[in-house]
Amino acid sequence: MLELSFIRSNKERVIQGLKTRNFTDENLKVVDEILALDEVRRNSQTELDNNLAESKQLSNEIGGLYKQGKREEADSMKEQVARLKEQSKELESRMKEAVEKIEELLLGVPNIPHESVPVGTTADDNEVFKAWENPLPDLGPDALPHWELAKKYNIFDLDLGVKLTGSGFPVYRGKGARLERALINFFLDEATNAGYEEIAPPLMVNHDTAKATGQLPDKEGQMYYVERDDLYLIPTAEVPVTNLYRDVIVDEKDFPIKLTGYTPCFRREAGSYGAHVRGLNRVHQFDKVEIVQIAHPDSSYEQLNQMLAHVSGLLDKLELPYRILRLCGGDMGFTSALTFDFEVWSAAQKRWLEVSSVSNFETYQSNRLKVRFKDGKQTRLAHTLNGSALALARIVAALLENNQTPEGIQIPEVLKPYTRFEMID
RNA sequence: GGAGAGGUGGCCGAGUGGUCGAAGGCGCACGCCUGGAAAGCGUGUAUACUCCAAAAGGGUAUCGAGGGUUCGAAUCCCUCUCUCUCCGCCA
């Protein structure tokens, strides 16, 4: 959520930002609407405060009069207080109404894009920030997509998942399960070595938590919900991990706070069908290691670069061809100010698969989270950032496809200490 | 699931209707003292909104949450919620 005070003093910047997000003139009216309501709110608040101050003072005087036994004087003052109270009620409801309406409108306003965000409406308009310079692997016509490889080597099984749960819940087995575990450990170790503290969070969260990182209300339909206990299954570790710092005033010298966590991720996403969602390309449950940072506003973009370098390093070590995209205004997530997507080349499907999304949310998320720090006397919102490092299912898909040989599937060097086998055959 | 106890500031803890944003202690910060430190002494130490061009300084709200009684609520009443203890069940 944008800060109201920011909109108040940076109206033009907000409007420009929303234009990058392809807001029409009609949609842009929301800004004026918010500012008008803010005016109403502040006026009623000032009036209300004065009113309450007066009642308070009168009440104290009444107390004094009673002690002196001046009953009649006191009683007439009571009437005054009663009248003020009437007015206060009215003012309060007017204020409350404005506050609620502002909140509602504010929830509909996305984050202001960073100045480097390219204009555009769809994924086609994303900028290739870092291309893959080397030739892409060519496996020839016999290359099998990962779902065929899964059958051939019995490493994961989607049909069994259907039996147990439903479509989109893969069962990994044998070396497939080991590979999964190896990748998780590899990613966690890498993050730890890069200075991230490992967190093992709950996989279910309450309403407040889901709201603070922005999953509620905008993405309610994407989450699995346990009605009986009013809990949501997490769609990403970002949710519980970032919420660790909800309502916390951070000590400035602790910046940047760097956290990592492995969790399964649960996503309902009723999406498109066909080849794009086959196999592990899009599933309802997948494993992911997430990195999260809470940073000082002055250095959050440095930290973002550091996160890009970290994710790049992982893909380099796994020897996977990848490229980095800078998302355009139309494709960027609602809450993000700047997002880079990592895509890995899947050699049998011959297409790029998104495996990581690294974003700086600036204060958009921290405004709801109320993650703050002291800047002198002032309390300011911190910046939050996060990124996948990395999402497993698609990495597995690409590893299987790219590394297939007639003898079997080669395990990248760096993973061998983790899998403790060299080949899936 | 059953029974009971309890939620007060960063922490501990006092406060059962009147000027209480809240005693006291601890912690923390700064200063004095000291060769330096400790001790000691002094000062300060919540958050949000708001008024003011800003600073200084005001105002309002907040004692788990919401509602009620009252001129006046941390204190009384109601609802909800969370935590703890005991019992039951259980990886």
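Numbered from 1 within each chain, the chains take letters A, B, ... in sequence-line order. The structure displayed is predicted, hence computed values, not measured ones.
Proximity of Ile184(A) to Leu392(A): side-chain heavy atoms (C-beta onward) are separated by under 4.5 Å at one or more points. The shortest distance between side-chain heavy atoms of Phe169(A) and Val283(A) does not fall below 4.5 Å.
Judged by distance alone, with hydrogens and angles left aside, the side-chain atoms of Ser59(A) form a donor-acceptor pair with the main-chain N or O of Ser55(A) at under 3.5 Å. Remark: side-chain polar atoms of Gln365(A) are paired, donor with acceptor, to backbone N or O of Thr213(A) under 3.5 angstrom.
Asp25(A) meets the side chain to side chain contact (heavy atoms under 4.5 Å, CB included) test with Leu28(A); sequence neighbours excluded.
Between the CG atom of Asp230(A) and the P atom of rC80(B) there is a distance of 16 Å, given to the nearest Å. Atom NZ in Lys70(A) sits roughly 17 Å away from atom C1' in rC71(B) (whole-Å rounding). In this structure, the CG atom of Leu58(A) is 13 Å from the P atom of rC71(B), given to the nearest Å. One atom, CZ of Arg71(A), and another, P of rG72(B), lie 15 Å apart when rounded to the nearest Å. Atom CD1 in Ile62(A) sits roughly 15 Å away from atom C1' in rA73(B) (whole-Å rounding).
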**Report entry** Protein proximity profile, nucleotides 44-66 of chain B - base contact B, sugar-phosphate-only contact S, no contact -, cut-off 4.0 Å on heavy atoms
**Finding:** ---SSBSS----S--BSS-----
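Among Thr209(A), Thr236(A), Leu369(A), the single residue meeting the side-chain contact (heavy atoms from CB on, under 4.5 Å) criterion with Thr242(A) is Leu369(A).
Separation of the C1' atoms belonging to rA14(B) and rG24(B) is 7 Å when rounded to the nearest angstrom. Distance check on atom C1': rG1(B) versus rG17(B) gives 39 Å, rounded to whole Å. Between rG15(B) and rG36(B), the two C1' atoms lie 43 Å apart (nearest whole Å). One P atom belongs to rU47(B), the other to rC52(B), and the distance between them is 23 Å to the nearest Å.
Closest of all the heavy-atom pairs between Glu290(A) and Ala237(A) is CB-CB, 3.9 Å. Closest heavy-atom contact between Val371(A) and Tyr245(A): CG2-O, 3.5 Å.
Of the residues in residues 72-87 of chain A, those lying under 4.0 Å from RNA chain B by heavy-atom distance are Lys78(A), Val81(A), Lys85(A).
Under the Watson-Crick and G-U wobble criteria, each requiring two contacts below 3.5 Å, nucleotide rU83(B) is paired to rA5(B).
Toward the 5′ end of RNA chain B lies the nearest nucleotide of Gly63(A), the other residue of the pair Lys89(A) and Gly63(A) mapping further downstream.
Between Lys211(A) and Glu103(A) a salt bridge is recorded (basic side-chain N to carboxylate O distance below 4.0 Å).
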